[in-house]
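The block underneath contains the structure these notes are about, expressed in structure tokens.
Counting starts at 1 for both ligands and their atoms, in listed order.
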Amino acid sequence: MRLVFLGPPGAGKGTHAKILSERYQIPHISTGDILRSKIKDGSEIGKKAKQFMESGGLVPDEVVIDMVTERLQEPDTKKGFLLDGFPRTLNQAKAFDLALSQLEMKLDSVLYFKASLETLLMRLTGRRVCSQCGATYHVKNLPPKKEGFCDFCENTEIIQRKDDNEDTIKNRLDVYDKDTAPLINFYKSLDVLSDMNADLDVEELDIDLEKVLAPIVNGGSE
Ligand code: AMP
């Protein structure tokens with residue numbers, strides 16, 4: 001099963017990608033996660049990406065395209081994959097299309113997570129992440145068992161992502177509208193887009209996702 005999750009920051013793509021990746025045993029490829037780990041490692045790509053990410057802008061296309069193209073050639077993608085946060089520009093989408101055809105892979109579905117501005121702001125401003133394992137929490141909707149600490153990593157504090165402050169959030173949403181939203185029509189024209197109501201809570205949206213994915217799962221697409 002080869003899926004792309006498309007939608008604005010805060011729509012719940014990462015949360016559902018984790019759930020489905022475990023359920024279907026396919027890798028969850030998040031370009032944001034890969035870039036954050038490159039920053040942590042102090043790699044050259046990380047150094048290049050840091051300033052763009054902290055301001056809420058996009059990392060240059062060639063950097064992410066190379067990163068994803070390499071990742072798609074790893075053996076675990078044979079069973080499929082779930083891309084979260086890529087493609088984010090028309091250039092990326094076209095390069096991705098080309099990479100897929102060179103790898104003789106076909107995209108099964110693009111799931112468009114559509115949410116109201118109110119939902120996005122509520123989720124982004126309340127989001128907290130574990131500085132070690134990256135597990136995500138929400139101050140109101142999904143608090144950790146022990147306030148301020150990760151449920152999985154002993155004594156590790158959960159923090160607010162640097163780009164989850166109000167000014168940067170605004171910029172990320174503007175960038176989404178300008179650069180990423182055009183992909184909705186791009187994938188509509190390829191007849192692979194499904195609209196998802198991302199205002200729903202996690203359990204409800206999971207049920208809807210299962211319905212949309214059922215024909216792919218049952219069709220045994222590999
Ligand atoms: P995310 O974790 O998906 O919210 O991504 C965090 C940040 O990483 C974004 O605001 C961008 O700066 C950068 N980023 C992630 N994916 C991409 C991409 N496909 N193209 C360009 N920049 C990206």
With a 3.5 Å cut-off and no angle check, do the side chains of D84 and H28 form a donor-acceptor pair?
yes

>> Strictly distance-based, threshold 3.5 Å: is any side-chain N or O of T77 a donor or acceptor partner for the main-chain N or O of G80?
In response: no

Ligand 1 to D33 polar contact by distance, N or O atoms, under 3.5 Å | no

For T31, the atoms of ligand 1 under 4.0 Å from one of its heavy atoms are 15 (C), 16 (N), 17 (C), 19 (N)

- request: Tell me whether the guanidinium CZ or amine NZ of K114 lies under 6.0 angstrom from the six-membered ring centre of Y112 and within 45° of its axis.
  value: no

A student checking ligand 1 against R36 at a 4.0 Å heavy-atom cut-off should list atoms 2 (O), 6 (C)

Residue, atom and distance of the protein heavy atom nearest atom 20 (N) of ligand 1 read Q92 NE2, 2.9 Å

protein heavy-atom neighbour closest to atom 15 (C) of ligand 1 works out as R88 NH1, 3.3 Å

**Message:** Can you confirm, on distance only, whether ligand 1 has an N/O atom lying under 3.5 Å from any N/O atom belonging to D163?
**Reply:** no

When distances are taken from atom 14 (N) of ligand 1, the protein heavy atom at minimum range is L35 CD1, 3.6 Å

Is G57 in polar range of ligand 1, meaning some N or O pair under 3.5 Å apart? yes

The protein heavy atom nearest to atom 8 (O) of ligand 1 is M53 CE, 3.3 Å

Should E210 and R23 count as an ion pair when the cut-off is N to O under 4.0 Å? yes

Is there at least one pair of N or O atoms, one from G85 and one from ligand 1, spaced under 3.5 Å apart? yes

Between the side chain of D163 and the main-chain N/O of T168, is any donor-acceptor distance below 3.5 Å? no

The answer for which part of K13 has a heavy atom under 4.0 Å from ligand 1 is neither

Checklist entry - With no hydrogens and no angle check, is any side-chain donor or acceptor of D199 less than 3.5 Å from a backbone partner on S116? => result yes

A student checking ligand 1 against R172 at a 4.0 Å heavy-atom cut-off should list atoms 4 (O)

Judged by atom type as modelled, is there a donor-acceptor pair below 3.5 Å linking the side chain of E104 to the main-chain atoms of L100?
-> no

On a heavy-atom basis, the closest approach of M105 and F81 is SD-CE2, 3.9 Å

Here the atoms of ligand 1 under 4.0 Å from any heavy atom belonging to V64 are 18 (C), 20 (N)

Here the pair of heavy atoms bringing L213 nearest to L111 is CD2-CD1, 4.1 Å

Are any of the N/O atoms on V59, whether in the backbone or the side chain, positioned under 3.5 angstrom from an N/O atom of ligand 1?
yes

Answer yes or no: is there an ion pair linking R71 with D76, defined by an N-O contact shorter than 4.0 Å?
yes

among protein heavy atoms, the one nearest atom 4 (O) of ligand 1 is R161 NH2, 3.1 Å

key: ligand 1 to S30 polar contact by distance, N or O atoms, under 3.5 Å   = no

